[in-house]
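What follows is a single structure, and I will ask about it in a moment.
From a predicted model like this one, the values you see are computed outputs, not experimental measurements.
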Number of protein chains: 2
Amino acid sequence: MYRKLLFKRALYAANGCRGLVYCASQRGNISKSVILSPISFYSNSASVPFTADTYSSKVQRDPKYKTLEPSDIEFFKTILPETSLVTNQDDLDFYNEDWMRKYKGQSKLVLKPKTSQQISKILKYCNEKKLAVVPQGGNTGLVGGSTPIFDEIIISLSSMNNIREFDPTSGILKVDAGVILETADQFLAEQGYIFPLDLGAKGSCQIGGNVACNAGGLRLLKYGSLHGSVLGLEAVLPDGTVFDSMHSLRKDNTGYDLKQLFIGSEGTLGIITGVSVLCPSRPQASNVAFLAVKDYETVIKVFNECKKELSEILSAFEFMDLKSQQLTQQYLKADQQPIQSGEYPFYVLIETSGSNKEHDDEKLETFLGNAMENGLVEDGIIAQDESQIQSLWAWRESIPEASTMNGGVYKYDVSIPLKDLYGLVEAANARLAEANLVDFDNKDKPVVSAIGYGHIGDGNLHLNVCVREYSKKIEQVLEPFVYQWISDKKGSISAEHGLGFQKKNYIGYSKNEQEIKLIKEIKNHFDPNGIMNPYKYV
Amino acid sequence: MYRKLLFKRALYAANGCRGLVYCASQRGNISKSVILSPISFYSNSASVPFTADTYSSKVQRDPKYKTLEPSDIEFFKTILPETSLVTNQDDLDFYNEDWMRKYKGQSKLVLKPKTSQQISKILKYCNEKKLAVVPQGGNTGLVGGSTPIFDEIIISLSSMNNIREFDPTSGILKVDAGVILETADQFLAEQGYIFPLDLGAKGSCQIGGNVACNAGGLRLLKYGSLHGSVLGLEAVLPDGTVFDSMHSLRKDNTGYDLKQLFIGSEGTLGIITGVSVLCPSRPQASNVAFLAVKDYETVIKVFNECKKELSEILSAFEFMDLKSQQLTQQYLKADQQPIQSGEYPFYVLIETSGSNKEHDDEKLETFLGNAMENGLVEDGIIAQDESQIQSLWAWRESIPEASTMNGGVYKYDVSIPLKDLYGLVEAANARLAEANLVDFDNKDKPVVSAIGYGHIGDGNLHLNVCVREYSKKIEQVLEPFVYQWISDKKGSISAEHGLGFQKKNYIGYSKNEQEIKLIKEIKNHFDPNGIMNPYKYV
């Protein structure tokens, strides 16, 4: 039983919350299920079409790149043992396809090096021969950044997965790029520390890939971005240079902070092979509250109060609209939603993390009591134990899968100044209705609904357009409409998922000409032959 | 009266702490006094020698730069009103000299633009004519980075000082580069927010300069580095391009994060003209404890315990050695040190900042009680009110001035892995003793002592070699010895003060060849004519 808030308004008589226990611990499994059975999530099609075919009008193979020949493979065998080369077609599919089954490349070769020196030799050769490459971590990206478009060689980091060292005084961890995020976090848990990044795919994603994509995740609100917590990097540049910048100092003002360029570069400047990261002490206590709110404006008010009153213990502030929860309820096959007194337009999940459970609970309860009294919150519950914490998180973390269960989803991960943030969901629904494409219940319409949820604390909205089928028509109604809308509000068309292949041509909606010019100059400086992850990013 | 810790060991009977009230509120004035009467701090000489003379063997004027002519001044008068040009020799001195009175340039012209467009026109002209320039903020730097070496034109940002906008929901502040740090913080205080950077020079330093130097300061431990909190920048590039990247989004993964290159670039890539920064909620409660510790090893143990138990409310963990406190006592003309039961080898200042005073005090007292009981702390006091908090901070923040009162100081601001950090102070004293140069009491010796203090939480040591006079001999004993020692321990020769002129030739002790090569390439890419802050950095 969750503990019900002590309502000061008689309307909400205390009642329990059942029906959630079945999804306890589900959270930890999400990432695994995503990887083990991707077919159910994003596409119903049995086989994934080649990206090059789907987007043939948008992208052609650049003839400047050499085509792989047997002599190239023979060369790679002088660097790597034969077991580190994948050339079998069935095995290649695993690396060529993304987990959404939306993108599929045609690579004939995957290399799985174990050391930076091996990667150095590989890239030097590829650069000289003009063989294009795609670095690949856990392949959990959402914008088609980690799979080839044509026949690029895939360089998988999955065999480079040692924890290099950890300093229990400073909390500084050094790892190979291929270490799984959850593996690192479990290691840190034993030392009383926590990895300053958490996201749904933690069981599969790799730290090198996280850094290459500047992953944001669920607790950026508390631990800040990787631009602050990554202290050092090792990367192999396209010409084979091993750029060793694996520093472990919190302060170091000696020259430009070049590692920052690699954070969020999506494999276009070089291959990240090692990461040095500052890890905070693991919180001794956590709690989660789940609240019902009457409108979006009030969600913002609750957030403002929350920042003031919970301040240093506030570790997540997530919001979800009603339709996202209705779909999640169907997906979880739950009898009831967490809050059982009725359905409300918006829900908020608040997580606290601190060093003293008693203090944290008192702060949370005081905050919620005030919020109820001031009419900011319509109803709410507080988790009573770890399994309830996980159950409540499941109602937030299952939304991505719930979004796809009717057939597919168009995903937009965007930043918008808070006051306008939910306006995009309303605008998308209005536009889809105008085009007569959307109905939540009527299965004859191709679109179920546009739903909105995400990290209010970071100004990060996930707009998911849940569809019964993918179609050019829907895509044309949504794009570039969505990007233009974001641009008008001075938002970002990619908050945390990156540009990859999906958004390559849309960067102009978030960055101006000068910025794009400088980005292209930097790319050209580091990778003059353009062998690194081509056809993507900018 | 400070509240004495309730000692569980009978040895430390409760006694009060007097003699500190005189320095209450001194903290707020330090930065002002530094600026108003710099002569007393770093040098006793009446006039400051030209840097070009002092270091004539190290640096010569590069003839590629044009010498200022009357026609140039006429041109600048078409851009700026005459009052924004400084050409009078007396007035020029103010901008040519640094506040330590260690460095002095020979500029004949200071320009004080009010807009980015004016700076754009100025730089475009200077770039075409090859007129070298030095951007200058509050001129509070410690490595000679903000004053000219020869006749470079000074571009002062002090007239560009508007707060542009503030969003009370997100806490995002946008300011002109010339806004004084304290001014911004006072503005934020009224809104319930705090600037995520605090340092002694806050009353004079400017935010643009802070960002250009990647200032670290006192509360980096809690709020992280500017690489995390700066969300956007506006900068004018050497060719006059206004690089507008004033974003206000916490998450934005669209392209390389180019603004990061400017953070810590010390005016060598362009002139920062605007800053967008994420500000945290202002803590509702603060407290400070001042502790005596028996040795350096125990300082680290106290820090480890502190991180665990105070976790999210720990906002500063500063350490000071005994000699630093003896000098500070002389400087403050205090009868007694804060802890009156005797003198101890090390002192620690712990600050907490949180949202609930009662909770924070309880945490601090529990922590201190345990630390006493476990024998980690020899004695200690807790501030009872704001003036005592400021008094205790004065014992930490007055050390830089106390260091110089015997004549001068050689300052080394360095990062070293924690276990080795204080070893540098011991090594420096041993080396000075070996050269027969040092005696704390004997005025015939040129060196008083090497002392150590700093931000343990950031691995940041301030090694100050307090001298009775500057001499080539002392400098030769210390350098490159100190830099080599740091390099051997994989530290940084500049934690937060930057490279500037002082450390230009020493970057190789902290960065490897590949890193330096890339840094130079980036510099050359942005500033091919080398007009930006020459003779410095790399």
Looking at V538(A), V242(A), I313(A), I522(A), which makes the most heavy-atom pairs under 4.5 Å with chain B? I522(A)
Which answer fits I300(A), side chain, backbone, both or neither, if we ask what part of it has an atom under 4.5 Å from a heavy atom of chain B?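 Looking at I300(A), just its side chain touches chain B.
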Against chain B, label T241(A) side chain, backbone, both or neither, depending on which of its atoms sit under 4.5 Å from a heavy atom there. side chain
Which bit of K503(A) is near chain B, if near means a heavy-atom gap under 4.5 Å: side chain, backbone, both or neither? neither
Around atom NZ of K357(B), are there more than 12 heavy atoms from other residues, nucleotides or ligands closer than 6.0 Å? yes
What part of L278(A) is in contact with chain B, defined as an atom under 4.5 angstrom from a non-hydrogen atom: side chain, backbone, both or neither?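 It is neither, since no heavy atom gets under 4.5 Å.
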P283(A) versus chain B, heavy atoms under 4.5 Å apart: side chain, backbone, both or neither?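 No part of P283(A) comes within 4.5 Å of chain B.
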Using heavy-atom distances under 4.5 Å, tell me whether S229(A) contacts chain B through its side chain, its backbone, both, or neither. neither
Within the side chain of N512(B), is there an N or O that forms a donor-acceptor pair under 3.5 Å with the backbone of D244(A)? yes
Could you walk me through whether N356(A) and T366(B) pass the side chain to side chain contact (heavy atoms under 4.5 Å, CB included) check? CA-CA 11 Å; N356(A) 183 311; T366(B) 305; over 6 Å; no
Are D167(B) and K419(A) close enough for a salt bridge, meaning some N to O gap below 4.0 Å?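 K419(A) and D167(B): not salt-bridged.
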Any idea which of D413(A), L269(A), I493(A) has the most non-hydrogen atom pairs under 4.5 angstrom with chain B? L269(A)
Which region of N304(A), side chain (C-beta onward) or backbone (N, CA, C, O), has a non-hydrogen atom less than 4.5 Å from a non-hydrogen atom of chain B, or is it both or neither? side chain
Under 3.5 Å donor-acceptor, K307(A) side chain and T169(B) backbone: yes
Checking heavy atoms, do the side chain of Y509(A), its backbone, both or neither come under 4.5 Å from chain B?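 Interface part for Y509(A): neither.
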Contact part of D458(B) toward chain A, heavy-atom cut-off under 4.5 Å: side chain, backbone, both or neither?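 For D458(B), heavy atoms of backbone and side chain both lie under 4.5 Å from chain A.
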Go through the atoms of Y193(B) and report whether side chain, backbone, both or neither lie under 4.5 Å from a heavy atom of chain A.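 Looking at Y193(B), just its side chain touches chain A.
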Per-residue contact mode, L418(B) against chain A (heavy atom under 4.5 angstrom): side chain
Which one, S281(B), C213(B), S311(B), G255(B), leads in non-hydrogen pairs under 4.5 Å with chain A? G255(B)
Taking side chain as C-beta onward, heavy atoms only, is L249(B) less than 4.5 Å from I416(A)?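 Side-chain contact under 4.5 Å: no.
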Is V414(B) close to chain A through its backbone or its side chain, or both, or neither, when contacts mean heavy atoms under 4.5 Å?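 Contact with chain A is absent: no heavy atom of V414(B) under 4.5 Å.
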Please flag which part of E309(B) lies under 4.5 Å from any non-hydrogen atom of chain A: side chain, backbone, both or neither. backbone
Is F367(A) in contact with chain B via its backbone, its side chain, both, or neither, using a 4.5 Å heavy-atom distance? neither
Counting only heavy atoms closer than 4.5 Å, note whether K308(A) contacts chain B via side chain, backbone, both or neither. backbone
Largest heavy-atom contact set with chain B, pairs under 4.5 Å, which of L310(A), T268(A), I263(A): T268(A)
Select, from T254(A), L261(A), L220(A), the one with the greatest count of heavy-atom pairs under 4.5 Å involving chain B. T254(A)
L226(A) portion near chain B, given a 4.5 angstrom heavy-atom threshold: neither
Out of G224(B), S248(B), A495(B), which one racks up the most heavy-atom pairs below 4.5 Å with chain A?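 Most heavy-atom pairs under 4.5 Å with chain A: A495(B).
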Side chain / backbone / both / neither for F262(A) at chain B, heavy atoms under 4.5 Å: neither
Would you call the rings of Y537(B) and Y256(A) parallel, tilted or perpendicular, taking 30° and 60° as the class edges?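 The arrangement is tilted - the two ring planes meet at 30° to 60°.
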Going by distance alone, is a donor N or O of one side chain under 3.5 Å from an acceptor N or O of the other, for S355(A) and E312(B)? yes
Polar side chain donor-acceptor pair, H227(B) to D257(A), under 3.5 angstrom: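 There is such a pair between these side chains.
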For each of K363(A), E266(A), H525(A), K490(A), tally heavy-atom pairs with chain B at distances under 4.5 Å, and name the one with the top tally.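 Looking at each option in turn, the highest pair count goes to K363(A).
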Verify, without hydrogens or angle tests, whether N253(B) (side chain) and N214(A) (backbone) share a donor-acceptor contact under 3.5 angstrom. yes
Region of K517(B) that comes under 4.5 Å of a non-hydrogen atom in chain A: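 The answer is neither part of K517(B).
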Between the main-chain N or O of K251(B) and the side-chain N or O of N460(A), is there a donor-acceptor pair closer than 3.5 Å? no
For chain A, the option from P417(B), S353(B), S510(B) that forms the most heavy-atom pairs under 4.5 Å: S510(B)
Please step through side chain to side chain contact (heavy atoms under 4.5 Å, CB included) for the pair R250(A) and L221(B), ending with a clear verdict. CA-CA 9 Å; R250(A) 190 146 184 194; L221(B) 182 60; 3.7 Å; yes
Between E358(A), E521(A), Q260(A), K259(A), which has the largest tally of heavy atom pairs under 4.5 Å with chain B? Q260(A)
Would D252(B) and K511(A) count as a salt bridge (charged side-chain N to carboxylate O under 4.0 Å, His left out) if you check the C-alpha gap in whole Å, the side-chain angles of each, and the deciding distance to 0.1 Å? CA-CA 10 Å; D252(B) 175 21; K511(A) 291 279 157 77; 3.6 Å; yes
When rounded to the nearest 0.5 angstrom, what distance separates CD1 in I456(A) from OG in S170(B)? 12.0 Å
Chain B contact via I507(A) - which portion, at a heavy-atom distance below 4.5 Å: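 When you check distances to chain B, only side chain atoms of I507(A) fall under 4.5 Å.
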